[in-house]
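Worksheet: one structure, shown below.
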Amino acid sequence: MSDRAAELRALLAHHGHRYHVLDDPEIGDAEYDALLDELRALEAEHPELRTPDSPTQRVGGAPVSVLAKVEHLLPMLSLANARSEDELEAWVTRMRAHLAREGIADAQFAYVCEPKVDGLAISLLYRDGVLERAATRGNGEVGEDVTHNVRTIAAVPATVEGAPPLVEVRGEVYMSLTDFQALNERRAAAGESTFMNPRNAAAGTIRQLDPRLAAQRPLSLWCYGIGAREGLSLGSHWGALEWLRAHGFPVHDDVARLESVDAVVERCAWWLDRRGALDFEIDGVVVKVDDVEQQRRLGVSGRDPRWAIAWKFAPTTAVTRLNDITWNVGKFGDLHPFAELEPVHVSGVTVKLATLHNEEDLARKDVRPGDDVIVMRAGDVIPQVVSPAPHAVERKGRARTPRPPKQCPVCQTKTVKPEGSVFTKCPNLVCPGRQWQLLTQFASQGAMDIRGLGEKQVAALQAADLVHTAADFYDLTADQLSERLVEAIAGSRARPFARVLYAIGLEEVGFVTARALAQRFRAIDPLLEASVEQIAQTPGIGPIVAARIHEQLADPATRELIARLRAAGLRFEEEGPPPGEGPLSGKAVVLTGTLPDLTREQATERITAAGGRVTSSVSKKTAFVVAGDAPGTKLEKAQRLGVPVLDEAGLLEALKG
Ligand code: IVH
């Protein structure tokens, strides 16, 4: 039993590393979850098998009452800055002069260039290969113990194979831009304050007292060095990075070892160029002398090592005039405030529109038309208005705080603010503003993917009174549209059911939910007839969302749209059994003993093809056990738990459904 737990932990660590660090998974999510479920079940039955480094603990243990202070074994230093090629050259000259005073003339350096990740520094202390403590930098000497939260970060190895007795890994914890944006959207929708930038979000998360909260906010890690160590000697920084990589720590693929200042300058320009394409924020490049002996001789000046420097990029914020605040009608009538800005350059892009999330966010930021405001752009994230510029707040004759409009800006219907919503809404179901959003989503790439039917075309078709709902697209003819577009619309009839379900644009039904519904119900009719409870049995759908979906499906307008789209020939049924679906869909099966005809692999393959999954230990959740010759203890356990036991013939029957 404990062997199996250890085996599962090792498997999960291996696959977690493939997924989170190497970005190259060997197994699918479902298989990973099956392993995790099995370990959870084992640990639940035998709590003594649970270890603090178990992957099951990543969801977060008990909250701490206060973050304990911890002293770093070696100080965590900071970095001096260089902002130009001259300053970089001057740094090298200073290093040479310093070494010359030590009696080493005309020193030559090799450099390592790394992204300067804009997150927060973390120290990970491993004793005998087990993560013992994780701490923030603090003042460099004393940091805060955040082990409880760091354990929830998937990219942080809980154990390290072949580690020395002690090693302290250092790196930067960050939140990806995608995760940051999703988190802010979630918070805005829940009426909570939004984070200013990914760095603040990461810092706020890592300092949470309750690891269950931290576990809900995905953080990542890039490692950039080794601090304290025992029994590990490395002659170069590059060697340290290679050691880290080989031992399961995420080191960015694009770190480089270079032999000249020119090459370093070129590399800094390369990173600046890449900056906008990365899914995390960097605020510069860190340049380090590679040779550890040279590092030692160069030493530290104040808080900064002489052997490293940060090449800093220009900031991603700018100040500009807020000309006006406009309100956009969203898919479901929500009014979203937008800032219209005097065009301004922010990290290489001209920005004239920025999001303000919702009216509470707007009130909290207290920006008003006419103010100078601080605008921030983070990678590819939509630009945001951060706050008024400090001087703007004292300005006389400031405009009033903008309120959401009393009438819909598109259809002039009187707006409402439903209880519990952070949005004021246009209640008109056929508001052209709302419809425009729904129609553009319908035609968009992730939905029906109708090439050539973009935002402008949709607006033009609405203005010409040709299209009101998505079903109208399929009635258009070549004299109303280009031949090409008519063909593209016709071609969209081939899109699978899940996409159609998503394209219809129901509240709470994003693509993932649409796919889950399509897989569970297989066709529109069973879904239209399903009860709230039945909808809630779909993976990933809770009772509240299920009720909302049910309500919309019962709405005559939805029914009519579906009927018309169906008449137009769109797919409202799943084609054949897609992967992971079939008679054994969602069922866990355990194999034991030797089967007469099928090998274990063949049996596994057939079960998987039928939508089931093969797990290795029997629990109450096991659908059935297939027992062959010389079965093991699994058979006994199945009998004890009352889990059905089949032979090979029984399995073949079950596979037919
Ligand atoms: S090295 C040499 N490498 O920048 C000792 N720091 O301004 C200093 N940072 O506190 C750390 N990416 O939080 C180093 N590749 C990188 C880094 C990096 C980001 C942060 C780190 C540090 C701060 C210093």
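Note that ligands are numbered from 1 as they come in the structure, with each ligand's atoms numbered from 1 the same way. Note that these values count all heavy atoms, side chains included, but never hydrogens, waters or copies made by symmetry. Every value quoted in this text rests on a predicted model; they were computed, and no experiment measured them.
- Contact of the Gln384 side chain with the Lys365 side chain is registered, since non-hydrogen atoms from C-beta on lie closer than 4.5 Å.
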Distance-only donor-acceptor pairs under 3.5 Å for side chains of residues 102-112, two or more places apart:
residue, atom, partner, partner atom, Å
Gln108, NE2, Asp106, O, 3.4

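- Ion pairing between a basic and an acidic side chain is recognised when a charged N comes within 4.0 Å of a carboxylate O; Arg257 and Glu259 show such pairing.
- The protein non-hydrogen atom at the shortest distance from atom 23 (C) of ligand 1 is Lys116 NZ, 3.9 Å.
- A donor and an acceptor atom, one from each side chain of Asp145 and Thr147, are located under 3.5 Å apart.
- Numbered from 1 in the order shown, with element, the atoms of ligand 1 that lie under 4.0 Å from a heavy atom of Pro305 read 2 (C).
- Residues Val264 and Trp311 fail the side-chain proximity criterion, which asks for heavy atoms closer than 4.5 Å.
- Near Pro115, the atoms of ligand 1 lying under 4.0 angstrom from a non-hydrogen atom of the residue are 12 (N), 15 (N).
- Residue, atom and distance of the protein heavy atom nearest to atom 13 (O) of ligand 1 are Glu172 OE1, 2.6 Å.
- Among the atoms of Trp307, none of the N or O lies under 3.5 angstrom from an N or O of ligand 1.
- Close approach to Arg137 involves these atoms of ligand 1, each under 4.0 Å from a residue heavy atom: 10 (O).
- Summary of contacts: the protein heavy atom closest to atom 11 (C) of ligand 1 is Tyr224 CE1, 3.8 Å.
- Close approach of ligand 1 to Leu77 (heavy-atom distance below 4.0 Å) involves ligand atoms 8 (C).
- Closest to atom 15 (N) of ligand 1 among all protein heavy atoms lies Glu114 OE1, 2.7 Å.
- Applying the ring pair (Phe, Tyr, Trp, His ring centres under 6.0 Å) rule to Phe280 yields the partners Tyr174, Trp222, His252; only residues at least two apart in sequence or on another chain are considered.
- Salt bridge status for Arg199 with Asp283: absent, with no side-chain N to carboxylate O gap under 4.0 Å.
- Within the 3.5 Å criterion, the main-chain N or O of Arg306 finds a donor-acceptor partner in the side chain of Trp91.
- Taking each of Arg199, His237, Lys288, Met76 in turn, the one with a heavy atom nearest to atom 3 (N) of ligand 1 proves to be Lys288.
- Remark: ligand 1 and Val117 share an N or O pair separated by less than 3.5 Å (distance only, no angle test).
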